[in-house]
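Heads up, the thing below is written out as structure tokens.
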2 protein chains.
Amino acid sequence: MTDLKTDILLIGDCIEVLRSLPDKSVDMVFADPPYNLQLGGDLLRPDNSKVDAVDDEWDKFSSFAAYDAFCREWLTECRRVLNDEGSIWVIGSYHNVFRLGAAIQDLGYWVLNDIIWRKSNPMPNFKGTRFTNAHETLIWAAKSREQKRYTFNYDALKAFNEDTQMRSDWTFALCTGEERIKGEDGKKAHPTQKPEALLHRVLLAATRPGDVVLDPFFGTGTTGAAAKRLGRRWIGIERDPDYAKVAEKRIKAVRPAAPEDLMVMGSKKAEPKVAFGALVEAGLLSPGDVLYCPKGEREARVRADGSLVSGALSGSIHKLGALLENAPACNGWTYWRFRTDNGLRSIDALRAEVRAGMQ
Amino acid sequence: MTDLKTDILLIGDCIEVLRSLPDKSVDMVFADPPYNLQLGGDLLRPDNSKVDAVDDEWDKFSSFAAYDAFCREWLTECRRVLNDEGSIWVIGSYHNVFRLGAAIQDLGYWVLNDIIWRKSNPMPNFKGTRFTNAHETLIWAAKSREQKRYTFNYDALKAFNEDTQMRSDWTFALCTGEERIKGEDGKKAHPTQKPEALLHRVLLAATRPGDVVLDPFFGTGTTGAAAKRLGRRWIGIERDPDYAKVAEKRIKAVRPAAPEDLMVMGSKKAEPKVAFGALVEAGLLSPGDVLYCPKGEREARVRADGSLVSGALSGSIHKLGALLENAPACNGWTYWRFRTDNGLRSIDALRAEVRAGMQ
DNA sequence: GGCAGAGATGAATCAATTA
DNA sequence: GTAATTGATTCATCTCTGC
């Protein structure tokens, strides 16, 4: 795994190339497969200009069954290539996302969320025959129901979202203007280029710096560009050499962020563990000291081994808190207070002192 | 078809009852099937209270295959029962919506849109392990790709949406408070009651007054209540007699809107535009409610799509205000009042409420 | 009566590590 | 493998209680 080549664009059929990659070698997959749009004839705007639709050969499949078979193949290979803490992201619209989602479930993946990309500037429905199709859907899935660990930077996203949990609906503008890559003829280089902001959020949410991100439908390389910018490694697969060329050039021009700028809000789960007894060892608390519950009406005495005793009851800070509150569980660190000259203070503050001293 | 019994709740297994209905006898189907949630053990909130989860037997299936088989059966019957200009609406979450969507496509239906119900007040993810699951998905489909005619009140929806095309993402609050039906024990009568505003919009979009709406998973009858209110006929199928009893009582209490209030905007050119449909949708105003001008000597009635009518005149809140005042323009939001126990109050206050609820 | 604060609750696939 | 231990974790809204 250490000799896996990354930051590389592999040109070829996505299933064939996927087969050449080793088992459990990547941390995340982002896939933006053909949507199998099944368009009818040309569509004209009210001013009679023609809508530049996705009518490329790579988006044509003979039937739902053919599309399903194709998707199940690449999804199977992606599952093999993902390591056991990895996850996959797939994007689609109502044309294909139900096929994708059902395949993902059938292959043993476990869906974690579906995410809505709300487009702030969608193309209107010119004929007035349906609702403006103003969103696309992403599916985020782990490798299996049994997989308990997957990267999710919960606290980073919460901070991003003004200290409220990030929701399953995200709003971004379409990829237009400067960001939209044009060919020499001034026309868009790829019909379905995704906004880099979307990939930025996906990578921020579900990878860590240095992780390897695989994109089996690389196109003009939005995933690679966002990965490089965010200090993630990437592997792209693309069949069309023209798209690949655009992607290579684009990614080359990306300047990665400085490592210190890649720091995100850390999870408390990841912080070093401190035993309550260490506070006694460090002399921050002494055997015999009295701790109080938040409202102050219950108390307990600290014993030399870091256990607490209150009347006939005793146990760890957590266990005794739960017992006294008659609750199924209790976080003793946030529950217990100790007396200071300025009133009661949480023992969690003492833990922070110990942690600071550990660095 | 003329002797089809409507405004009726049929108690029994949904597939068996569906089989008893004649071909091509209904204009729309709205289906809120079991989601097959596959929950694990209990979930505790941070305050150690238990989440009241959907753990009913009716939501349990032995496998995806069993769930698929069930859905394909009722979806097949629904397609048979729909007339040739009919359409179907199905609601689900990421647990089941991919199965539903794939089945809908496989059975020959033609997807017209997928619609996102963005919840303004979703339940958080208490453990911080995923994104807040803040939406559900509706699928709207015609009977076949070849079907060219289906009811879609484009202009009414556009009027509803402040003269902009209605998009595929809709924001509504959960069904709580007064609207949420409680049993004698004070607990919710049904675990998954949908907000009536959601049904209001669906029915307004895809049916006409007098149309027959079939709901094969009637539950506590939100579809029937919204249908009756909007002057649509309904047929409900529900297996559980207890739910059925609640539904019957609920629908009996609904007062239908007067037929003249169910008029919606016709062709774009023929009628002026409207702008405040969300208030009607939210139940802050009802079709038939009377609005007054600042001095109180002029009045107008609210229609289901948010347009106003006053004598021979009708139009948006802005246009009708201008007409009645013989002014070149008028801000309807500050012009119109509605009656409260404490006298007249500006509709702009209601807009503020809707806005607050949507953030 | 009005307002502040506490409590309840909604379709939820909801922990990780050590013994 | 299972069992016990540690300890991390919530948003918007509506109802109820108390002053």
Side-chain angles (χ1 to χ4, degrees), chain A residues 105 109-114 141-142 144-150 152 154-155 158 161-168 267-271 273-277 306-307 315-319 321-322 328-336 347-348 351, chain B residues 32-56 58-61 64 91-97 117 119-137 173-180 182 186-188 190-195 219 353 356-359:
Chain A
Q105 291 178 318
Y109 287 102
W110 190 245
V111 176
L112 298 169
N113 277 114
D114 62 336
S144 73
R145 182 173 190 172
E146 291 68 39
Q147 179 184 341
K148 292 302 175 194
R149 291 177 60 119
Y150 49 86
F152 178 53
Y154 173 78
D155 296 278
K158 186 173 174 180
N161 196 38
E162 307 200 339
D163 290 327
T164 304
Q165 286 190 345
M166 185 67 80
R167 297 166 42 114
S168 58
S267 162
K268 288 187 182 168
K269 291 171 191 165
E271 293 187 64
K273 195 176 265 191
V274 174
F276 177 70
S307 64
S316 70
I317 53 171
H318 312 296
K319 187 166 175 188
C330 172
N331 182 343
W333 288 110
T334 53
Y335 181 76
W336 292 107
I347 61 171
D348 212 21
R351 179 169 63 164
Chain B
D32 180 12
Y35 283 14
N36 186 27
L37 286 185
Q38 302 180 266
L39 301 178
D42 285 347
L43 176 62
L44 297 181
R45 301 167 194 269
D47 65 2
N48 280 321
S49 67
K50 192 178 151 214
V51 172
D52 183 18
V54 177
D55 54 0
D56 306 73
W58 51 253
D59 196 50
K60 291 186 170 40
F61 292 83
F64 279 130
I91 184 167
S93 65
Y94 67 84
H95 310 83
N96 69 326
V97 77
W117 167 26
K119 302 179 182 180
S120 57
N121 53 346
M123 185 161 73
N125 180 291
F126 295 113
K127 302 294 187 195
T129 56
R130 304 182 180 187
F131 299 95
T132 306
N133 188 15
H135 72 275
E136 295 188 24
T137 302
L174 296 170
C175 180
T176 60
E178 278 285 299
E179 189 188 340
R180 188 74 188 232
K182 312 285 195 304
K187 291 182 180 168
K188 55 191 176 193
H190 192 283
T192 72
Q193 186 183 341
K194 297 292 177 289
E353 283 184 36
M358 286 172 69
Q359 281 175 353

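Order of the sequence lines sets the chain letters (A, B, ...), proteins ahead of strands, with each chain counted from 1.
- The ring pair (Phe, Tyr, Trp, His ring centres under 6.0 Å) search around B/His190 returns B/Trp58, B/Tyr243, not counting sequence neighbours.
- Taking every heavy atom of both residues into account, A/Cys330 and A/Ala322 meet most closely at CB-N, 3.5 Å.
- The salt bridge (charged side-chain N to carboxylate O under 4.0 Å, His left out) check on B/Lys127 picks up nothing, with sequence neighbours excluded.
- Atom OG1 of B/Thr132 is separated from atom CZ of A/Arg167 by 7.5 Å, given to the nearest 0.5 angstrom.
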Using the 3.5 Å cut-off, write out each protein N or O paired with an N or O of nucleotides 15-17 of chain D and the distance between them.
none

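- Atom-to-atom, CZ of A/Arg145 to P of C/dT13 comes out at 12 Å; the value is rounded to the nearest Å.
- On a pure distance criterion of 3.5 Å, no polar donor-acceptor pair joins the side chain of A/Trp333 and the base of D/dT6.
- What separates CD of B/Gln38 from P of C/dC14 is a distance of 10 Å, to the nearest Å.
- Partners of B/Asp59 according to the side-chain contact (heavy atoms from CB on, under 4.5 Å) rule, which considers only residues two or more places apart in sequence or in another chain, are B/Pro34, B/Tyr35, B/Leu37, B/Val54.
- The residue A/Ala329 sits close to a base: some heavy atom pair falls under 4.0 Å.
- Comparing the same atom, P, in C/dA8 and in D/dT9 gives a spacing of 23 Å after rounding to whole Å.
- OP1 or OP2 of D/dA8 sits under 4.0 Å from a side-chain N or O of A/Asn331.
- The separation between B/Phe64 atom CZ and C/dT13 atom P is 13 Å, rounded to whole Å.
- Between C/dT13, D/dT9, D/dC11, one nucleotide has an atom nearer to the side chain of A/Thr164 than all others, and that is D/dC11.
- Taking 4.0 Å as the cut-off between side-chain N and carboxylate O, A/Lys158 and A/Asp163 do not count as a salt-bridged pair.
- For C/dT13 and D/dA4, the C1' atoms lie 26 Å apart once the distance is rounded to whole Å.
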With the criterion being N/O to N/O and under 3.5 Å, what pairs connect the protein with nucleotides 17-19 of chain C, and how long is each?
unit_1, atom_1, unit_2, atom_2, d
C/dT17, OP1, A/Arg149, NH1, 2.9
C/dT17, OP2, A/Arg149, NH1, 3.1

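- Listed by chain and number, the residues in a side chain to side chain donor-acceptor pair (under 3.5 Å) with B/Asp55 amount to none (sequence neighbours excluded).
- Residues satisfying the side chain to side chain donor-acceptor pair (under 3.5 Å) criterion with B/Lys119, sequence neighbours excluded, are B/Glu136.
- In this structure, A/Gln147 atom CD and C/dC14 atom P are separated by 13 Å, rounded to whole Å.
- Rounding to the nearest 0.5 angstrom, the gap separating the CZ atom in B/Arg180 from the SG atom in B/Cys175 is 5.5 Å.
- At whole-Å resolution of the value, CZ in A/Arg167 and P in D/dT10 are 16 Å apart.
- Between B/Lys188 and B/Asp52 a salt bridge is recorded (basic side-chain N to carboxylate O distance below 4.0 Å).
- Taking a 6.0 Å sphere around NZ of A/Lys268, one finds it holds 12 or fewer heavy atoms contributed by other residues, nucleotides or ligands.
- Across all strands shown, A/Val274 has heavy atoms under 4.0 Å from sugar-phosphate atoms exclusively, and none from any base.
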Mind listing the N/O atom pairs, protein and nucleotides 3-5 of chain D, below 3.5 Å?
none

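- Considering only residues two or more places apart in sequence or on other chains, A/Gln105 meets the side chain to side chain donor-acceptor pair (under 3.5 Å) condition with B/Arg99.
- Nucleotides D/dT17 and C/dG1 place their P atoms 16 Å apart, quoted to the nearest Å.
- Closest non-hydrogen pair, A/Ser168 versus B/Ala134, comes out as OG-N, 2.8 Å.
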Contact pattern, 5' to 3', of nucleotides 1-12 of chain C - B, S or - by protein heavy atom under 4.0 Å: --------BBBB
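- Distance A/Phe276 CZ to D/dT6 P: 12 Å, rounded to the nearest Å.
- Listed pair A/Tyr154 / D/dT10 meets the phosphate criterion, a side-chain N or O lying under 4.0 Å from OP1 or OP2.
- For B/Asn48 and D/dA8, the CG to C1' distance is 11 Å, given to the nearest whole Å.
- Taking atom NE2 of B/His135 as the reference point, atom P of D/dA12 lies 18 Å away to the nearest angstrom.
- Rounded to the nearest 0.5 angstrom, B/Phe126 CZ and B/Arg45 CZ are separated by 4.0 Å.
- Closest to the side chain of A/Lys269, from the set D/dG7, C/dT13, D/dA8, is D/dA8.
- Glycosidic conformation of C/dT13 is syn; the angle stays within 90° of 0.
- Judged as a ring pair (Phe, Tyr, Trp, His ring centres under 6.0 Å), and not counting sequence neighbours, the contacts of B/Phe61 are B/Tyr67, B/Phe70.
- Nearest heavy-atom pair, A/Tyr109 versus A/Ala141, reported as atom, atom and distance to 0.1 Å: CB-CB, 4.1 Å.
- Secondary-structure stems of DNA chain D, taken as three or more successive Watson-Crick or G-U wobble pairs (i with j, i+1 with j-1) under a 3.5 Å distance threshold, comprise C:2-10 with D:11-19, C:15-19 with D:2-6.
- Taking CD1 of A/Ile317 as the start and CZ of A/Arg351 as the end, the distance is 7.5 Å to the nearest 0.5 Å.
- Remark: A/Asn331 CG to A/His318 NE2 distance equals 6.0 Å, nearest 0.5 Å.
- With P as the reference atom, D/dT6 and C/dA12 are 32 Å apart, rounded to whole Å.
- Look at the P atom in both C/dA11 and D/dT15: the space between them is 15 Å, to the nearest Å.
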